[in-house]
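Worksheet: one structure, shown below.
These values consider heavy atoms only, across backbone and side chains, with no hydrogens, waters or symmetry-generated copies.
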Amino acid sequence: MTRTSTEIGSGLEPARAARPIPPGERIHVVGAGGAGASAAALLAQTCGAVVTGCDAGGPSPYTTAVEAAGVPLAWEHAAAHVADATGPLVDRLAVTKALTSVQPDHPELEAARAHGLPVEPWQQVIADAAATHGGTLVGVAGTHGKSTSSGWLVHLLTDAGRDPAAFVGALLPAGLTGGLPSTARWGSGDVFVVEADEYAGNFDAYRPDVAVLLNAEWDHPDVFADENAVLDAFEGWLRAPGAEKRTLVANVGDRGVARLLERLHDWPGRLVKTWLFGERRDSSRHSDEDEEGVIGAVIGDELAFSLYADFSIRETLPLPGRHNAANALCVAAAAWTLGVPALDIARGLATFTGVGRRLELKGEPRRVAILDDYAHHPTAIAASMQAIRDRYPGRRLWAVYEPLTYHRTAAMLDRFADVLATADRAVVADIWAGRDPDTTITSAAALAKATAARHGAPASAPGTVEQTADYLATAVEPGDVVLIMGGGRSYVIAERLLQRLSSADGQ
C-alpha cells in the first residue's frame with residue numbers, strides 16, 4: 001500500500017523557498033544520527049545557528065563529527081528538548097521523515113506544535129544553509145549513485161580550487177571536510193552541492209541552478225506505485241519555479257531518464273546530455289552537433305569522453321563498474337557547466353577515492369576482502385556485484401545483504417532473490433525497518449529461501465547484523481570476497497567481521 005508524501009511527512013511544514021538562517025536562530029534536530037540530519041546540524045551551526053539534537057538510536061558514524069563540532073546531542077527523545085515551563089527553548093525543529101512516517105504524534109513534535117513552532121524536514125535546513133552560503137546550487141538526483149556522484153563533484157571542485165560547500169549522504173573523507181569525516185562541507189567558494197533525494201518530496205526544498213539526473217527507476221514502493229509515479233516526482237521537481245534559469249544535466253543512456261526527457265520536450269531551461277556508449281538509449285536521443293553534451297566510452301580500464309565535442313579526454317577511473325563510468329560523465333558535465341577547465345575535470349575524475357560505504361574496502365584479513373556498500377535496490381546490488389567481480393576475478397563472492405525496509409523487500413522480493421542468487425554464497429541479515437509501520441509482510445528468512453530456490457546454492461539468514469558477522473567469521477575462507485550491502489546497520493557487519501578475522505589473524 002502506498003502513502004502520499006503528505007502522509008509520510010505528517011505534521012511537517014510544506015517545502016518553502018529557502019531563506020538565510022538568522023544568526024542565533026535556535027534549531028533542534030530530531031533524529032540527528034542520520035546522514036542528512038547530521039549534515040543539517042553541522043551546516044546550520046556553521047551559519048551561526050544555535051543547534052541541539054537528539055536521537056534515540058544512539059551514536060552513529062555520522063554523529064562523531066557533530067559532537068566534535070560542539071553540538072549537544074541527547075540519546076533520547078523528550079518534549080523537554082523543545083520547551084519547559086518558561087516557554088520554547090528552540091525556534092524550530094528539523095525532523096527526519098523516518099520518524100513522522102511511523103510516529104507523527106511524537107512528543108517533541110507535539111510540544112513544538114503546542115508552542116506554535118515550525119516543524120520542518122531537515123532538508124529545509126540544508127536548503128536554508130545553501131541560501132545563507134549564496135553560491136550556485138547544484139542538486140544531484142537519481143535512484144542510484146547520488147552519494148558517489150555528489151561526493152565526486154565535491155572532490156573535483158575542491159581539487160580545482162573552487163572550495164565548495166556541500167551536503168552528501170555518505171561520509172566525506174577528512175581530506176575533503178578539513179576535519180573529521182562527515183556528510184557536510186563548508187567552503188568559501190561559489191558552489192553549494194546537495195544530494196537531492198526523491199523520496200516523499202525530500203528534494204522539494206531544493207531549487208537548484210544546476211540539476212543532475214543520473215537515472216530514474218522504480219523504488220520506494222511505499223510512496224511510488226510504479227515508475228510513472230517516480231517520473232512524476234522528478235518532473236515536478238525540475239519544473240518547480242525557476243526552471244527557465246535551470247540547467248539540467250541528464251544521463252540519456254538511462255531508460256528512465258530518456259522517458260522523462262520525452263515529458264520535458266518543452267523544457268524551458270538549458271539541457272546538457274550525457275551518454276555512455278553501450279548503455280540503453282533511444283536512437284532519437286542521439287546527440288546532434290548543435291546539442292550540448294558529454295559522450296564517453298569505456299575502453300579497457302579507461303574512460304574516454306568528449307566534452308561538448310570540442311575537448312577529448314582519456315583517464316583511468318579509480319572506481320570500478322560501468323555505472324560509475326556513467327556517473328563520471330554526469331560529474332564531468334556538471335563541472336563543465338560550472339566553468340571548470342577540462343584538464344581540471346580530468347584530474348578530478350581520476351583522483352577521487354570514493355565516499356564512505358560505497359564499495360569501500362575495509363580490509364583484507366586472512367586474505368578475505370571485506371567491502372562495505374550502501375546498495376539496497378536490486379539494480380544497485382547487481383551493479384555493485386559486477387564491479388566486485390571485475391575487481392576480484394575468480395574469487396568466491398559472498399553477497400551479504402541487510403534489506404532496507406520491509407515494504408521494499410516485499411515488493412521486490414523476486415528481483416532481490418534473482419540478483420543475490422548470482423553470488424557464490426548469499427547471506428541475508430534481519431531487515432532494517434526504518435520508516436516501516438508494518439514489519440509482518442516479509443522476513444529475511446523469506447528472502448534467503450527465495451534466493452536458495454533460484455539455483456540451490458547456499459543462502460542463509462543468521463539473524464541480527466551482529467549474528468550475521470559472527471556467522472561469516474566462521475564460514476569464510478582465505479581468498480573469499482565478502483560484499484556487505486544495505487542502508488541500515490549493515491556497516492556493523494563489516495566492522496565486526498573485520499575485527500573478528502583480524503583478531504584470529506593476530507593483527
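For the residue pair A326 and N251, the shortest heavy atom distance occurs at CB-ND2, 4.3 Å. Here the closest non-hydrogen pair linking S150 and V168 is OG-CG1, 3.5 Å. What you find for D372 and Y491 is that their closest heavy atoms are OD2-CB, 3.6 Å. V154 approaches A166 most closely through the heavy-atom pair CG2-CB, 3.5 Å. Residue T177 comes nearest to A184 through the heavy atom pair CG2-O, 3.7 Å, listed as atom of the first residue, atom of the second, then distance. When all heavy atoms of T442 and A410 are compared, the closest pair comes out as CG2-N, 3.8 Å.
Ion pairing between D373 and R357 fails under the 4.0 Å rule for side-chain N and carboxylate O. Looking at D414 and R454, a side-chain N of the basic residue comes within less than 4.0 Å of a carboxylate O on the acidic one, giving a salt bridge. Between R396 and D480, at least one side-chain N (NZ, or NE/NH1/NH2) sits under 4.0 Å from a carboxylate O, which counts as a salt bridge. A salt bridge links R255 with E227: at least one charged nitrogen is closer than 4.0 Å to a carboxylate oxygen. By the 4.0 Å N-to-carboxylate-O rule, E195 lies too far from R185 to be salt-bridged with it. With respect to the salt-bridge test (charged N to carboxylate O, under 4.0 angstrom), the residues E466 and R489 qualify. Between K362 and E360, at least one side-chain nitrogen of the basic residue sits less than 4.0 Å from a carboxylate oxygen of the acidic one, meeting the salt-bridge criterion. Note on D219 versus R408: salt bridge recorded, some NZ/NE/NH1/NH2 to OD/OE distance being below 4.0 Å.
No donor-acceptor distance shorter than 3.5 angstrom exists from the side chain of W75 to the backbone of G57, with no hydrogens or angles considered. In this structure, D254 contributes its side chain and N215 its backbone to no donor-acceptor pair below 3.5 Å. With hydrogens and angles disregarded, a donor-acceptor distance shorter than 3.5 Å links the side chain of K146 to the backbone of G142. The backbone N or O of I8 lies less than 3.5 Å from a partner atom in the side chain of T100, making a donor-acceptor pair.
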If you apply the rule side chain to side chain donor-acceptor pair (under 3.5 Å), what do you find for N327 with T148, and how did you get there?
CA-CA 8 Å; N327 293 338; T148 295; 5.6 Å; no
I'd like to know whether H377 forms a side chain to side chain donor-acceptor pair (under 3.5 Å) with T143, so could you lay out the CA-CA distance, the side-chain angles of the two residues, the decisive distance to 0.1 Å, and finally the verdict.
CA-CA 9 Å; H377 181 281; T143 308; over 6 Å; no
Take D222 and R3, measure what salt bridge (charged side-chain N to carboxylate O under 4.0 Å, His left out) needs, and give me the verdict at the end.
CA-CA 6 Å; D222 60 327; R3 295 190 288 170; 5.1 Å; no
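In this structure, SG in C330 is found 8.0 Å from CG in L213, a value given to the nearest 0.5 Å. Note: S149 OG to N324 CG = 7.5 Å, rounded to the nearest 0.5 Å. Interatomic distance, L397 CG to T422 OG1, rounded to the nearest 0.5 Å: 7.5 Å. One distance of note links CD1 of I126 with CD of Q124; it measures 10.5 Å at 0.5 Å rounding.
Ring-plane geometry between W152 and F352 is classed as parallel, the angle between the planes falling under 30 degrees on a 0 to 90 degree scale with a further cut at 60.
A heavy-atom distance below 4.5 Å is not found between the side chains of E302 and L317. Looking at V138 and P208, their side chains never come closer than 4.5 Å, going by heavy atoms from C-beta outward. A heavy-atom distance below 4.5 Å is found between the side chains of W186 and F192. Side-chain contact between L498 and E495 is absent, with no heavy-atom pair separated by less than 4.5 Å. Proximity of V140 to V194: side-chain heavy atoms (C-beta onward) are nowhere separated by under 4.5 Å. Contact of the L109 side chain with the P104 side chain is not registered, since no non-hydrogen atoms from C-beta on lie closer than 4.5 Å. You'll find the side chain of L93 reaches within 4.5 Å of the side chain of V82, heavy atoms only. By the 4.5 Å heavy-atom criterion applied to side chains, D344 and D159 are not counted as neighbours.
Each of W432, Y374, F416 was checked for a ring pair (Phe, Tyr, Trp, His ring centres under 6.0 Å) with Y401, and the lone residue meeting it is F416. Put simply, the residue from D438, T439, D436 that forms a side-chain hydrogen bond (donor to acceptor under 3.5 Å, both in side chains) with H407 is D436.
Between the side chains of N202 and E198, no donor-acceptor pair is found at a separation under 3.5 Å. Between the side chains of E108 and H28, a donor-acceptor pair is found at a separation under 3.5 Å. Residues T464 and D430 have side chains that never bring a donor and an acceptor to within less than 3.5 angstrom of each other.
A ring-centre distance under 6.0 Å is found for F167 and W122. The aromatic ring centroids of H144 and H323 lie 6.0 Å or more from each other.
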